[in-house]
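Contents: one structure, followed by commentary.
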Protein chains: 4
Amino acid sequence: MSEGKPKRGRPRSIESHQAILEAALSLLAEVGFDAMSIEAIASRAGVGKTTIYRRYAGKEELVAAAIESIRDKVVIADTGSLWGDLDAIIENAAQTTLSPLGRQAVAMIISSASTSTQFAQLYWKNYLHPRRQAFSVVIERAKARNEVKGDLDSGLVFDAMSGIMLYARIFQPATESWQVYVRRALRLLLEKS
Amino acid sequence: MSEGKPKRGRPRSIESHQAILEAALSLLAEVGFDAMSIEAIASRAGVGKTTIYRRYAGKEELVAAAIESIRDKVVIADTGSLWGDLDAIIENAAQTTLSPLGRQAVAMIISSASTSTQFAQLYWKNYLHPRRQAFSVVIERAKARNEVKGDLDSGLVFDAMSGIMLYARIFQPATESWQVYVRRALRLLLEKS
Amino acid sequence: MSEGKPKRGRPRSIESHQAILEAALSLLAEVGFDAMSIEAIASRAGVGKTTIYRRYAGKEELVAAAIESIRDKVVIADTGSLWGDLDAIIENAAQTTLSPLGRQAVAMIISSASTSTQFAQLYWKNYLHPRRQAFSVVIERAKARNEVKGDLDSGLVFDAMSGIMLYARIFQPATESWQVYVRRALRLLLEKS
Amino acid sequence: MSEGKPKRGRPRSIESHQAILEAALSLLAEVGFDAMSIEAIASRAGVGKTTIYRRYAGKEELVAAAIESIRDKVVIADTGSLWGDLDAIIENAAQTTLSPLGRQAVAMIISSASTSTQFAQLYWKNYLHPRRQAFSVVIERAKARNEVKGDLDSGLVFDAMSGIMLYARIFQPATESWQVYVRRALRLLLEKS
DNA sequence: CGGTAAGCGAGACGGTACGTCGCGTCTTAAG
DNA sequence: CTTAAGACGCGACGTACCGTCTCGCTTACCG
């Protein structure tokens, strides 16, 4: 039924497309979301504002796309033990939020998600939900190994872990490293009765 | 010992001060942080922009002060049982973040805290740390009643609880009510081995 | 010969251009130079402030351009006699400075010229010098008719006449009409020895 | 101990009075009329704005008073010959308008006089009219010496001279010095038929 | 294979808000 | 009862970006 593209006229430039995303990402890392302007992005990308507005409705949408463009796919290691898997997950999360860009991305995600339900759902759908699903595999394996209680709600554990990670990253409540702190909190959650 | 104010010139108007904070809060609740302008605040408060800028360096600072101004003092009920106390805390948190203003305030706090370490520390110091301290009393009472393990780290539990609350408020991961969901996560944390 | 404009981007709007000049002139006539604000001009012209600042660096420059835009071309009548010509010139000058706009324009020209050498030179070049040249023709004709001395310096006469006109307009030293007063002074200058 | 004065309360400070005038004059010379602010004058004079506003209704009035305060009294030399007297007058006028302060003062006088009839009358009454009267003495002496025509209107000559001086100062129409130029114009006026 | 429709960089457009400056008034405490 | 200090409500300043709108060009397809 639907054929989205009659495809007349000049097609949209792929170089422009990428230049825009790259400019957006570099500016995001350099000055942060609030301080970056569409005009600066256009200028850095060597592109007219029109070309950006033709693709994205605003800064939020553009930055969301830019972040999306560098998102790597969900990979969850299978180390053979629950805590091996968890340590890998924690370390991976630490890496993600370490770089300036990562830090800005997290801040921007949290900020926009807490401001707008729409963005929250978008991130939930694209980022958190897939990881939540993948995480359930880790828990199922642990159940099979009898490392955790058999009726453990893996979704709840994932949410709690994510919440703690978020909280620890924002407020840095402890003197120990982020990874160690998160690990300690996780132990509280998973302690086998 | 001596204070640093010789108090020369006309003192700053207390009415203006309060009018500004009230205008800021009402606009925050109505249109949200991003959409509110200093000019609108000044106009609603019946005050010149100068009078605002004399007190605050920018919107963030002003809104932080406005939120600060309505922060109620830490009160943690003593119901006689751990879960009675926890339910009171959860309900209180739910109330706080239920109103439009509360929702905006939380969003704004998270947003600014995740953007700037300085703000994060400010909120930690003024808001979270006092509650964390008060919370430890609840846990100590529970320990005395043998409702939880004797070596439980109350700070860690508070952080985990806060993180989960935050996460649940932003991403609404479950269909059940926020309160029920948070309660379920807390049970996971506090299950006596 | 060729102009230096590759003409990229959207060209500047001619309607805006004229609306700005008209708004500036009407406000100049209504409230005077000091009391008129760029914002009021922009608003009356139905134009953004930017559009004005893109064209002119400030109020002085804008008003100078506005006055320039209504400057009519130099016309000096040939009545057949020296005093016929002079009366025409005097009457013309009287008309020019009679209207509110004319009065404001003269005030503004004198004011800015006396404040800044740059403006003085601009008005000299665009307004006074051409008239000074045209005036020399009148004197030459009078010399041919033997109505004035043959070695009369027409430039000097023009300057003296202009100075007297200026002075008489500002300080209104006599009870008689401006025209009659100026005529009397001119007679002093041109009396044939 | 003696209290001869019925005056109650603190008397107005004479030092403040003078400090204000001096500050006004120095700022007038430095930055010009438009760019000087009451606040800057108050600050430089070490005086509160109130103290200025108690004395003067606005900047114009203050500056008028400041200029007035340094106005020297009318002195017209008697050299024994018409052109000796005139040269003294011309030189004196040149000196007055030579200094930065003098230049600013002239500009400010012309500017305000051409903008407002009220100011024009004030300057006419305080400055020009006395000099016009004094000048008539010079002409009368010249008449007695038969250096000029007996029916010469000294007021008209003074006005013409003043107008030419003004015009020459503003527009600098000639390459020769101001003094020489003015002298040349005067000769035109006074040439004995 | 040539017309034409869409995309392109550039940049002007009407706006909104910014943060600053100066106005002329008002309110303190000090003298 | 004046003074210096300085806050007040106000209005304009000139700047930065917003998102939209022409311009004069490509560019690649479709008839």
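Every heavy atom of this structure was used, including side-chain atoms; hydrogens, water molecules and symmetry mates were not. Numbers restart at 1 for each chain; the letters A, B, ... are given by sequence-line order, proteins then strands.
Considering A:E39, A:E30, A:E22 in turn, A:E30 is the only one that fulfils the salt bridge (Lys or Arg N to Asp or Glu O under 4.0 Å) rule with A:R44.
Rounding to whole angstrom units, CD1 of residue D:I20 and C1' of F:dA4 are separated by 12 Å. One atom, NE2 of D:H17, and another, C1' of F:dT2, lie 14 Å apart when rounded to the nearest Å. Between the CD atom of B:E60 and the C1' atom of E:dC18 there is a distance of 13 Å, given to the nearest Å. Across the protein-nucleic acid pair, B:Y53 atom OH and F:dC10 atom C1' stand 15 Å apart, rounded to whole Å. Distance, B:R12 CZ to F:dA5 C1': 13 Å, rounded to whole Å. Taking atom CD1 on C:I14 and atom P on F:dT22, their separation rounds to 14 Å, with Å as the unit. Rounded to an integer number of Å, the gap from D:K49 NZ to E:dT27 P is 15 Å. Counting to the nearest Å, the C1' atom of F:dA7 and the CD atom of B:E15 are 12 Å from each other.
No side-chain heavy atom of C:V63 sits under 4.5 Å from any side-chain heavy atom of C:Y56. Taking the side chain as every heavy atom from C-beta outward, A:I70 and A:L101 approach each other to under 4.5 Å. The shortest side-chain heavy-atom distance between A:L27 and A:S37 does not fall under the 4.5 Å cut-off.
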(message) The test is side chain to side chain contact (heavy atoms under 4.5 Å, CB included); show your working for B:F33 and B:S112 and say whether it passes.
(response) CA-CA 11 Å; B:F33 181 81; B:S112 63; over 6 Å; no

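Note on A:S16: a side-chain N or O is less than 4.0 Å away from OP1 or OP2 of E:dG9. At E:dG7, none of the side-chain N or O atoms of A:S13 fall inside 4.0 Å of OP1 or OP2 (strictly under the cut-off). Distances shown here put a side-chain N or O of D:R54 below 4.0 Å from the OP1 or OP2 atom of F:dT3. Remark: C:R55 is in phosphate contact with E:dC13, judged by side-chain N or O atoms under 4.0 Å from OP1 or OP2.
The stretch residues 35-47 of chain C touches DNA chain E through C:G46, C:V47, each having a heavy atom within less than 4.0 Å of the strand.
Partners of D:T117 under the side chain to side chain donor-acceptor pair (under 3.5 Å) rule, at least two apart in sequence or in another chain, do not exist in this structure.
Within 3.5 Å, a donor on the side chain of D:T50 pairs with an acceptor on the base of F:dA5, or the reverse.
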Mind listing the N/O atom pairs, protein and nucleotides 1-5 of chain E, below 3.5 Å?
none

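Residue D:Q18 places its CD atom among 12 or fewer non-hydrogen atoms of other residues, nucleotides or ligands, all under 6.0 Å distant.
Taking CD1 of A:I52 as the start and CZ of A:R54 as the end, the distance is 11.0 Å to the nearest 0.5 Å.
Position along DNA chain E of the nearest nucleotide to C:G48 versus B:K59 favours C:G48 as the more 5'-ward residue.
Between the side chains of C:R55 and C:H17, at least one donor-acceptor pair of N or O atoms lies under 3.5 Å.
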